[in-house]
Every structure is written in structure tokens, then in C-alpha cells.
Asks: 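This is the structure I have questions about; it appears just below.
For ligands, and for the atoms within them, numbers begin at 1 and follow the listed sequence.
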Amino acid sequence: MTNRTLNIDDHLYQYILDVSLREHPVLAELRDATRSQPRAGMQISPEQGQFMAMLIKLIGARQTLEIGVFTGYSALATALALPPDGRIIACDINAEFTDIGRRHWEKAGVADKIDLRLAPAIDTLDKLIDEGRSGSFDFAFIDADKTNYDNYYERCLQLLRVGGLIAIDNVLWDGEVARPAQDADTAALQALNIKLHADERVDLSLLTIADGLTLARKRRGFDS
Ligand code: SAM
Ligand code: CA
């Protein structure tokens with residue numbers, strides 16, 4: 001018995017999937033289709049997708065943001081969890097990756113919920129702010145270039161309603177964040193983790209699922 005998070009070896013990980021994973025068949029297909037991609041490791045894990053779907057349902061999310069789509073697994077998991085009138089604004093810069101996603105979103109019958117914006121995510125988020133969408137989103141998932149995470153966090157926080165949730169991926173960076181930073185990505189994640197710890201604008205929880213997922217819930221009184 002332990003009151004610390006367990007080390008998950010392959011055997012225990014498989015057990016977790018065996019007794020808890022309920023993966024939509026098109027999500028499983030998309031995982032298969034992504035496996036052959038050279039950057040397949042960028043895809044979120046299936047139990048993380050299931051957890052995010054749970055969060056989306058728990059907070060009754062309708063309007064969501066996604067920063068970093070790749071082949072569309074997290075967008076598809078989100079779209080399947082949203083109600084029929086729910087929408088995702090999904091940001092990426094790579095049409096080759098997102099075309100794979102689009103085909104699977106169509107196959108799963110949720111393509112109309114996903115508004116893909118192929119442009120640097122900062123531009124898309126700034127445009128939403130300029131259009132007066134601040135305070136109107138329920139959920140945001142940040143999973144793109146790590147050196148811009150703080151830029152994404154600040155913009156997403158502004159775009160979120162009070163009680164809305166930001167989920168920030170890879171905050172443990174394979175354990176590198178706990179060692180002296182050797183590169184810009186690690187340094188950016190370390191700086192954001194430290195900033196979030198002291199950030200009074202949000203309630204905070206760092207989950208040890210997958211590569212670390214921080215949840216930041218927007219508190220009342222910090223609307224701009
Ligand atoms: N969430 C995805 C999933 O479930 O499979 C994984 C996202 S992957 C880790 C990161 C993505 O961020 C890549 O598809 C990459 O093209 C995209 N990206 C990198 N820089 C970006 C930028 N400046 N603006 C928008 N997207 C960017
Ligand atoms: Ca990730």
C-alpha cells in the first residue's frame with residue numbers, strides 16, 4: 001500500500017486499460033492510423049482521452065478550445081463527449097496531420113462540431129479575443145509547442161468563463177521538469193509550473209496521468 005502515486009509498469013498499465021477503457025471504435029481506428037506516423041508519440045493516451053471526456057461532461061462544457069490537434073484524437077474524444085450543439089475551435093498549423101483527423105471526425109459523425117483553424121494558435125486566440133469571445137468558453141486543452149504554453153494559458157484564461165477549466169498537457173515532460181533544464185521546452189514548462197503554483201486566478205491540480213496534466217479552473221473576480 002502507498003499513499004503516493006504508484007509507478008505504473010507495463011503490466012499494471014495494461015490492467016488499467018483492461019478494466020476501464022471504453023474507447024469509441026473510431027477513436028481506436030484513429031490510434032491505429034496514427035501508429036505509423038513518425039511522431040505518433042505526440043498523441044494523447046486513450047485513458048487520458050476518456051478522462052478528458054469525463055471532465056467535459058462533468059462541467060457541462062459546450063464551447064471548447066483545443067491548442068494542438070495533430071491527428072485529432074483529443075479533438076475526437078472531446079467532440080464525442082460534447083452535447084449535439086457543442087463546438088470545439090481546434091488550432092493547429094499542420095494540414096497533413098489534421099487531414100487524418102478530419103477523415104475520422106467525419107467517420108464518427110462529429111465533424112460539424114469541430115471548427116479547425118489552420119494558423120498559429122496565438123493568432124487564432126487573439127482573433128477570438130478581438131471578436132469579443134472573452135469569458136465564453138467552458139474548456140480548453142493546451143497541447144502544442146511548449147515554449148508558447150504561457151501565451152496559450154493567458155489567452156485561454158481570458159477566453160474562459162468563471163468556473164471554466166484549462167487542461168495543460170505534458171507538464172511533467174518525462175520527469176525532465178524536476179532536473180536542471182537542458183532545453184527551451186523544459187525551461188518553459190518549469191516556468192509555467194512555478195507560475196501556476198502561485199496564480200491566484202485559478203484553482204489548481206497537477207494530475208500524474210500520462211505525462212502530467214495540470215487542471216486550472218478559473219476563479220471568480222478575475223474577469224478582464
Ligand atoms: N492533442 C493532440 C492529440 O491528441 O493527438 C496532440 C497534439 S501534438 C502534441 C502538438 C501539435 O501542435 C502538432 O500537431 C503541431 O502541428 C501543433 N503546433 C505546433 N506549433 C503550433 C502553433 N504555433 N500553433 C498551432 N499549433 C501548433
Ligand atoms: Ca501532449
Asks: Identify, by atom number and element, the atoms of ligand 1 in contact range of I44, meaning under 4.0 Å from any of its heavy atoms.
Replies: 3 (C), 4 (O), 5 (O)
Asks: Between K218 and R161, is there a side-chain heavy-atom distance shorter than 4.5 Å?
Replies: no
Asks: Do S74 and E66 get their side chains close enough for a donor-acceptor pair, meaning under 3.5 Å?
Replies: yes
Asks: Among protein heavy atoms, which sits nearest to atom 21 (C) of ligand 1, and what does the distance come to when rounded to 0.1 Å?
Replies: D145 OD1, 3.4 Å
Asks: Please determine whether the number of non-hydrogen atoms from other residues, nucleotides or ligands lying under 6.0 Å from atom CZ of R102 exceeds 12.
Replies: no
Asks: Could you find the nearest protein heavy atom to atom 24 (N) of ligand 1 and give me its residue, atom name and distance?
Replies: A121 N, 3.0 Å
Asks: Examine D169 and say whether one of its N/O/S atoms is closer to the Ca ion (ligand 2) than 3.0 Å.
Replies: yes
Asks: To the closest 0.5 Å, what do you measure between CG (D126) and CD (E131)?
Replies: 11.0 Å
Asks: Between V69 and ligand 1, which residue portion shows a heavy-atom distance shorter than 4.0 Å: side chain, backbone, both, or neither?
Replies: backbone
Asks: Checking a contact table here: which protein heavy atom is nearest atom 27 (C) of ligand 1, and how many Å away?
Replies: I93 CG1, 3.7 Å
Asks: Which distance, rounded to the nearest 0.5 Å, do you find between the CG of D138 and the CG of L65?
Replies: 9.5 Å
Asks: Mark up the atoms of ligand 1 that fall under 4.0 Å of a heavy atom belonging to N94, in ascending order.
Replies: 16 (O)
Asks: Any atoms of ligand 1 less than 4.0 Å from a non-hydrogen atom of Y152? List them with their elements.
Replies: 22 (C), 23 (N), 24 (N)
Asks: Heavy atoms only: which of D143, I142, T147 is nearest to atom 10 (C) of ligand 1?
Replies: D143
Asks: Verify the neighbour count for atom CG of D10: are there more than 12 heavy atoms of other residues, nucleotides or ligands below 6.0 Å?
Replies: no
Asks: Should you measure from each heavy atom of Q43, which atoms of ligand 1 turn up under 4.0 Å away?
Replies: 5 (O)
Asks: Quick one: look at F70 and ligand 1, take heavy-atom pairs under 4.0 Å, and tell me if it's side chain, backbone, both or neither.
Replies: both
Asks: Considering G68, A90, A75, S74, which one's heavy-atom position lies nearest to atom 3 (C) of ligand 1?
Replies: S74
Asks: Going by the atom numbers of ligand 1, which of them fall below 4.0 Å from some non-hydrogen atom of F141?
Replies: 1 (N)
Asks: Would you compute the distance between atom CD1 of I168 and atom CG of D150 and round it to the nearest 0.5 angstrom?
Replies: 9.0 Å
Asks: A side-chain contact here means heavy atoms from C-beta on lying under 4.5 Å apart; do R219 and E200 qualify?
Replies: yes
Asks: Are any of the N or O atoms of D92 closer than 3.5 Å to those of ligand 1?
Replies: yes
Asks: Given OD1 of D143 on one side and OD1 of N170 on the other, what angle do they make at the Ca ion (ligand 2), to 10°?
Replies: 80°
Asks: In terms of heavy-atom contacts, does OH of Y13 have more than 12 from other residues, nucleotides or ligands at under 6.0 Å?
Replies: yes
Asks: For the residue pair E176 and T186, confirm or rule out a side-chain donor-acceptor distance under 3.5 Å.
Replies: no
Asks: Which atoms of ligand 1 are found less than 4.0 Å from any heavy atom of P120?
Replies: 24 (N)
